[in-house]
Each structure stands twice: as C-alpha cells, then as structure tokens.
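Positions are given from 1, in the same order as the sequence printed here.
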Amino acid sequence: DVCRDLINEVCDVFNPEIIHIGMDEENYENQRLYDYVVIRQNDLWWHDLLYLVELIEKRGARACMWSDYARHRPDEFIEKCPKSVIQCPWYYFNKFDGDLTEAERIRVEPFVRLAEAGYTIIAGGSNEYFDDNVSLLDSFCKKHIPADKYTGIIQTTWASTTAAYRKTIFDAAELMKDI
C-alpha cells in the first residue's frame with residue numbers, strides 16, 4: 001500500500017515519464033555489515049518488481065531499474081522482466097574487453113545482452129575510480145548498443161554533496177559535457 005500510494009503521489013505531482021525503482025543491492029554481499037538485513041529473493045523479489053512496474057505503467061510512466069539481477073541470472077531476468085522496463089546497468093571501470101576480471105565481465109556483459117533482448121538502456125558510470133570511465137562507457141555503448149536502445153548515460157561520484165567534495169563533483173560534471 002505504501003509503494004502504491006507513493007507512486008500515485010509522485011505521478012499526481014510530477015507527471016513523470018520515468019520512475020526509477022532501484023531493485024539493486026538486495027543481497028547479503030551488499031548488506032553484510034548492516035545490523036538489520038532485509039533481502040527479498042526468488043518469487044518474492046519478482047512479485048514485488050512486477051507489482052511496482054504494473055503500478056507505474058497504469059499511470060502512464062515507465063519503470064527504470066538497476067540491472068544487477070541480470071549479472072548472475074541473465075536468462076531468468078530476460079525471461080521474466082518486462083521489456084518495457086528501462087535498464088540501468090552500471091560499470092565503473094575502464095576496461096571493456098580482452099582479459100576482464102570476473103567482476104568486470106559480469107558488469108560489462110549485461111549492457112549488450114539486455115539491449116539485444118529488447119530493453120532500453122541508460123548506462124551508469126562514475127568517476128569514483130577512473131576519470132575516463134564515463135567517456136569510455138559512452139563510447140562502448142554507442143559501439144555495441146543500437147541507437148534506438150541506448151538513451152544515454154548517468155553518472156555518480158559517490159561523494160557527499162558537501163564542500164569537501166566540491167572539486168570531485170565539479171570534475172564529474174565536466175566529464176559529462178562532451179557526451
């Protein structure tokens with residue numbers, strides 16, 4: 001009920017075209033240091049995802065989500081996730097082919113695989129580790145994803161919006177200007 005009410009309120013106030021629903025970091029690896037852990041999985045995770053998508057689409061918007069689930073279960077994800085849901089795979093490294101580590105491989109592959117399956121892609125990058133990530137990620141996507149499936153790129157600095165990180169945040173904005 002809370003999710004339904006929030007989605008309806010957002011739609012009433014903003015009339016959005018897209019609503020990002022998250023659906024990432026719901027695993028032990030990401031929550032292992034928390035005092036209180038909540039992890040939906042299996043049929044419950046799918047039930048909740050599909051419920052949120054239905055609520056959003058009833059209001060004329062599109063759901064958008066992080067594509068973490070597709071890293072480890074790509075076939076199941078492609079089979080069960082509606083193609084109307086915009087996918088945001090993210091990748092913060094600067095190596096895209098060749099001898100990739102497992103962490104790199106499972107993060108790069110969903111970009112192309114999800115686009116080939118019919119999903120619209122918004123790539124997620126960051127200057128957290130490498131200043132050239134955003135430009136390289138954008139180039140990779142433009143080369144490997146059809147233009148009608150690649151809608152652009154977002155990035156994060158993973159830095160607090162405080163004076164201490166002002167340079168990091170402005171550097172990140174500068175990196176986006178030519179994309």
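- Between the D132 side chain and the N94 main chain, no donor and acceptor come within less than 3.5 Å of each other.
- Atom CG of D97 sits in a sparse spot, with 12 or fewer heavy atoms from other residues, nucleotides or ligands closer than 6.0 Å.
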Test log, rule side chain to side chain contact (heavy atoms under 4.5 Å, CB included), inputs E102 and R105: CA-CA 5 Å; E102 181 66 7; R105 184 192 64 74; 2.6 Å; yes
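- Side chain to side chain, T157 and E128 fail the donor-acceptor criterion of an N or O pair below 3.5 Å.
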Side chain to side chain donor-acceptor pair (under 3.5 Å) between N30 and N27, worked out: CA-CA 6 Å; N30 283 295; N27 56 47; 2.9 Å; yes
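- When ring centroids are compared, Y165 and W158 stay outside the 6.0 Å threshold.
- The environment of CZ in R166 is sparse: at most 12 heavy-atom neighbours from other residues, nucleotides or ligands sit within 6.0 Å.
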Stepwise side chain to side chain contact (heavy atoms under 4.5 Å, CB included) check, R107 with Y92: CA-CA 9 Å; R107 286 170 174 81; Y92 301 156; over 6 Å; no
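- When the shell of 6.0 Å around CD of E9 is examined, it contains 12 or fewer heavy atoms from other residues, nucleotides or ligands.
- Side chains of Q87 and S67: a donor on one and an acceptor on the other come within 3.5 Å.
- Residue D12 places its CG atom among more than 12 non-hydrogen atoms of other residues, nucleotides or ligands, all under 6.0 Å distant.
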Test side chain to side chain contact (heavy atoms under 4.5 Å, CB included) applied to M23 and L52, step by step: CA-CA 10 Å; M23 302 305 290; L52 295 173; 4.2 Å; yes
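- Summarising the local packing, NZ of K95 is surrounded by more than 12 heavy atoms from other residues, nucleotides or ligands at distances under 6.0 Å.
- The main-chain N or O of C81 is found under 3.5 Å from a side-chain atom of Y119 such that the two form a donor-acceptor pair.
- Here D24 does not pair with R71 in a salt bridge; the nearest charged N to carboxylate O distance is not below 4.0 Å.
- For F170, the CZ atom counts as loosely surrounded, since its 6.0 Å shell holds 12 or fewer non-hydrogen atoms of other residues, nucleotides or ligands.
- Cation-pi geometry between R113 and F111 is not satisfied (NZ or CZ under 6.0 Å from the ring centre, within 45° of the ring normal).
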Steps toward side chain to side chain contact (heavy atoms under 4.5 Å, CB included) verdict (F96, H144): CA-CA 11 Å; F96 292 84; H144 295 283; over 6 Å; no
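- Remark: D99 CG is loosely packed, at most 12 non-hydrogen atoms of other residues, nucleotides or ligands lying under 6.0 Å away.
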